[in-house]
Q: 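Handing you this structure, nothing more for now.
Note that these values count all heavy atoms, side chains included, but never hydrogens, waters or copies made by symmetry.
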Amino acid sequence: MRDWLIINGNAGDGKRGESFWKAHLNATGISDFTTRDLTDASWDREVREGDRVLVAGGDGSVNRVASVCVERKATLAVLPSGTANDFSRNLGLPEDPAELCRLIASGQTTDVDVAWVNDNLFLNVAHIGLGTLPAREASQGQKRRWGRFSYLFTLAQQAGLQKGIHARIECNEQVTEGRWLTIAIASGAYFGGGHDIAEARIDDGHLDIVAVRQRFWLTLLIAYLRTRLLRRAPRRHDTVVHFKAPQCRIQLRHEHTLTADGEDMGRMADVFAFTRHGVLKVLCEQLTPPQPLMLREQRFTPSDTHPMGWSSSGPF
């Protein structure tokens, strides 16, 4: 087994770089590791089954390393150093770096879900519509100055410019269609620097699809407060809809930008997403077991035509 330390020196405000994490890791007795920059071209080809890969960076860096860990059956450890660090929140990792490194040194692991959208791996959330704007337009200067609040800053600047998108959402044998302000496909609960989707988990084998209809701003505010205060995601609501299922398909009338874990995936009109349960091993404490789902689940047929074992055409 080999320990790796993968560094993204440009993540966040730059204060949690190589020397920062090495000092904390060394204090817990972890000193024998191979260090590489995330941008190096060869480290991912050298990772082997059973290796532990520690990544210091934001959610985009963690996404990149997670794809290698899934492919090579290596274990992922997250050293949160970015702007949002939503995946570390999904794992319930300690915020104190010394405590986190002690947890990594303990060797505790758990298995979590990984999702794909149009063959691109994501860990937190994929967005269509208004939710893509912070990832696309928040500048590096804003991120350094405002931290995770830079996403809200950009969203507030652009909210009045959105005309909505027309989309058909097919999920769990349920179909809804209309004009939407934003559509989120979440693998875990947290996104956008700590915002969360009620009842979502990163280890329940389901995606959470939340779509917000285009409405007058006061109506949107009331729906938002109702969801936040009750701490319960709406099942059916005139403004917000929420589905849980292992996969979904979203068909857009026109091409729109898709982002996944804050990365721009390009413009597209047909979006297919699915999750695989427990395929990523991570260094963290065991998560609280999920409550049994009361929703009826869709059964899916494996297919050799899809690279991850599912048919891209799905049940739709």
Q: Do the side chains of Val241 and Trp180 get nearer than 4.5 Å, heavy atoms only?
A: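 Side chain of Trp180 against side chain of Val241, heavy atoms only: contact under 4.5 Å found.
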Q: Pair Val65, Leu38 - check side-chain contact (heavy atoms from CB on, under 4.5 Å), show working.
A: CA-CA 8 Å; Val65 174; Leu38 181 70; 4.0 Å; yes
Q: Restricting to non-hydrogen atoms, name the atom on Thr257 and the atom on Arg267 that form the minimum distance, rounded to 0.1 Å.
A: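 Thr257 and Arg267 have their closest heavy atoms at OG1-CG, 3.6 Å.
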Q: Mind listing the closest non-hydrogen atom pair of Gly205 and His277 along with its distance?
A: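 Taking every non-hydrogen atom into account, N-ND1, 3.5 Å.
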Q: For Phe33, enumerate each residue passing the ring-ring contact (aromatic ring centres under 6.0 Å, His included) test, keeping only those at least two apart in sequence or located in another chain.
A: none
Q: Do Asn63 and Phe87 touch side chain to side chain, with heavy atoms closer than 4.5 Å?
A: no
Q: Which residue pairs satisfy the salt bridge (charged side-chain N to carboxylate O under 4.0 Å, His left out) criterion with at least one member in residues 21-41, sequence neighbours excluded?
A: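 The answer is Glu18-Lys22.
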Q: Restricting to ring-ring contact (aromatic ring centres under 6.0 Å, His included), what partner residues turn up for His256, sequence neighbours left out?
A: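 Expected list: none.
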Q: From Asn172 CG over to Lys244 NZ, what is the distance, rounded to the nearest 0.5 angstrom?
A: 10.5 Å
Q: Considering only heavy atoms from C-beta outward, does the side chain of Arg276 approach that of Val114 to under 4.5 Å?
A: no
Q: Listing request: all salt bridge (charged side-chain N to carboxylate O under 4.0 Å, His left out) pairs with a residue in residues 56-66, at least two apart in sequence or in separate chains.
A: Asp44-Arg64
Q: Could you pull out all residues at least two apart from Glu285 that satisfy salt bridge (charged side-chain N to carboxylate O under 4.0 Å, His left out)?
A: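 Result, salt bridge (charged side-chain N to carboxylate O under 4.0 Å, His left out) vs Glu285: none returned.
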Q: Output all residues satisfying side-chain contact (heavy atoms from CB on, under 4.5 Å) with Ala77, sequence neighbours left out; order by chain, then residue number.
A: Leu54, Ile104, Leu283
Q: After noting the C-alpha distance and the side-chain angles of Val125 and His127, does the key distance pass the side-chain contact (heavy atoms from CB on, under 4.5 Å) rule?
A: CA-CA 7 Å; Val125 67; His127 273 123; 3.8 Å; yes
Q: Would you say the side-chain atoms of Asp264 pair up with the backbone N or O of Thr259, donor to acceptor, closer than 3.5 Å?
A: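 Not confirmed, Asp264 side chain does not pair with Thr259 backbone.
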Q: Between Glu177 and His166, does the side-chain contact (heavy atoms from CB on, under 4.5 Å) criterion hold? Intermediate values first, please.
A: CA-CA 8 Å; Glu177 188 169 2; His166 190 279; 3.2 Å; yes
Q: If I take atom CZ from residue Phe243 and atom CG from residue Leu207, how far apart are they, to the nearest 0.5 angstrom?
A: 13.0 Å
Q: In sequence, state the C-alpha distance, the side-chain angles, and the governing distance for Glu49 and Lys73, and then conclude on salt bridge (Lys or Arg N to Asp or Glu O under 4.0 Å).
A: CA-CA 5 Å; Glu49 182 174 349; Lys73 297 182 179 180; 5.1 Å; no
Q: Starting at CD1 of Ile183, measure out to CZ of Arg213 and round the result to the nearest 0.5 Å.
A: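 Nearest 0.5 Å value for the CD1-CZ distance: 10.0 Å.
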Q: Do you know which two heavy atoms are closest between Arg201 and Asp208, and how far apart they sit?
A: N-OD1, 4.4 Å
Q: Would you please name every residue forming a side-chain hydrogen bond (donor to acceptor under 3.5 Å, both in side chains) with Arg2, sequence neighbours left out?
A: Thr34
Q: Would you indicate whether the side-chain heavy atoms of Arg16 and Leu79 approach each other to under 4.5 Å?
A: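 In short, these two side chains do not touch, never coming nearer than 4.5 Å.
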Q: Indicate the atoms forming the closest heavy-atom contact of Met268 with Leu252, along with that distance.
A: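 That closest heavy-atom pairing would be O-CD1, 3.3 Å.
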Q: Checking Arg52 now: which residues fulfil salt bridge (charged side-chain N to carboxylate O under 4.0 Å, His left out) with it, not counting sequence neighbours?
A: Asp3
Q: Decide yes or no for Pro80 and Leu100: does some side-chain heavy atom of the first lie under 4.5 Å from some side-chain heavy atom of the second?
A: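 Side-chain contact under 4.5 Å: yes.
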Q: Kindly write out the residues that satisfy side-chain contact (heavy atoms from CB on, under 4.5 Å) with Gln286, not counting sequence neighbours, or none if the list is empty.
A: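 Result, side-chain contact (heavy atoms from CB on, under 4.5 Å) vs Gln286: Thr110.
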Q: If you measure from NE2 on His206 to CD on Gln247, what distance do you get to the nearest 0.5 Å?
A: 11.0 Å
Q: For Ala23, which residues count as a side-chain contact (heavy atoms from CB on, under 4.5 Å) partner, sequence neighbours excluded?
A: none
Q: Donor-acceptor pairs under 3.5 angstrom involving side-chain atoms of residues 90-98: please list them, not counting sequence neighbours.
A:
residue	atom	partner	partner atom	Å
Asn90	OD1	Ala189	N	2.6
Asn90	OD1	Tyr190	N	3.1
Asn90	ND2	Asp86	O	3.3
Asn90	ND2	Asn124	OD1	3.0
Asp96	OD2	Ala98	N	3.4
Asp96	OD2	Glu99	N	2.9

Q: If every non-hydrogen atom of Phe122 is compared with every non-hydrogen atom of Trp116, which pair is closest and at what distance?
A: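 Nearest pair, atom of Phe122 first, then Trp116: CE2-C, 3.8 Å.
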Q: Does Asp111 reach the side chain of Asp203, with side-chain heavy atoms less than 4.5 Å apart?
A: no
Q: Identify the two heavy atoms, one from Ala66 and one from Leu76, that lie closest to each other, and give their separation to 0.1 Å.
A: CB-CD2, 4.2 Å
Q: In Å, rounded to the nearest 0.5 Å, how long is the span from CZ of Phe274 to SG of Cys248?
A: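 One gets 11.5 Å once the value is rounded to the nearest 0.5 Å.
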Q: Without swapping roles, check the side chain of Arg72 against the backbone of Val47 for a donor-acceptor pair under 3.5 Å.
A: yes
Q: Could you please spell out the steps behind the side-chain contact (heavy atoms from CB on, under 4.5 Å) verdict for Asp261 and Val62?
A: CA-CA 9 Å; Asp261 288 351; Val62 175; over 6 Å; no
Q: For Ile185, run the side chain to side chain contact (heavy atoms under 4.5 Å, CB included) check against Thr275, Ile169, Ile250 and tell me which one passes.
A: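 Passing option: Ile250.
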Q: Enter the distance from Thr39:OG1 to Ile7:CD1 here, rounded to the nearest 0.5 Å.
A: 11.5 Å
Q: Should Ile6 and Ser61 count as side-chain neighbours, where that means a heavy-atom distance under 4.5 Å?
A: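 A side-chain contact is absent here, since even the closest heavy-atom pair is not under 4.5 Å.
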Q: Counting C-beta onward and ignoring hydrogens, is there a side-chain heavy-atom pair between Phe20 and Ser81 closer than 4.5 Å?
A: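 Not in contact.
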Q: Restricting to side-chain hydrogen bond (donor to acceptor under 3.5 Å, both in side chains), what partner residues turn up for Trp4, sequence neighbours left out?
A: Asp51
Q: Examine distances only and state if a side-chain atom of Asp204 and a backbone atom of Asp113 form a donor-acceptor pair shorter than 3.5 Å.
A: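 Answer holds: no.
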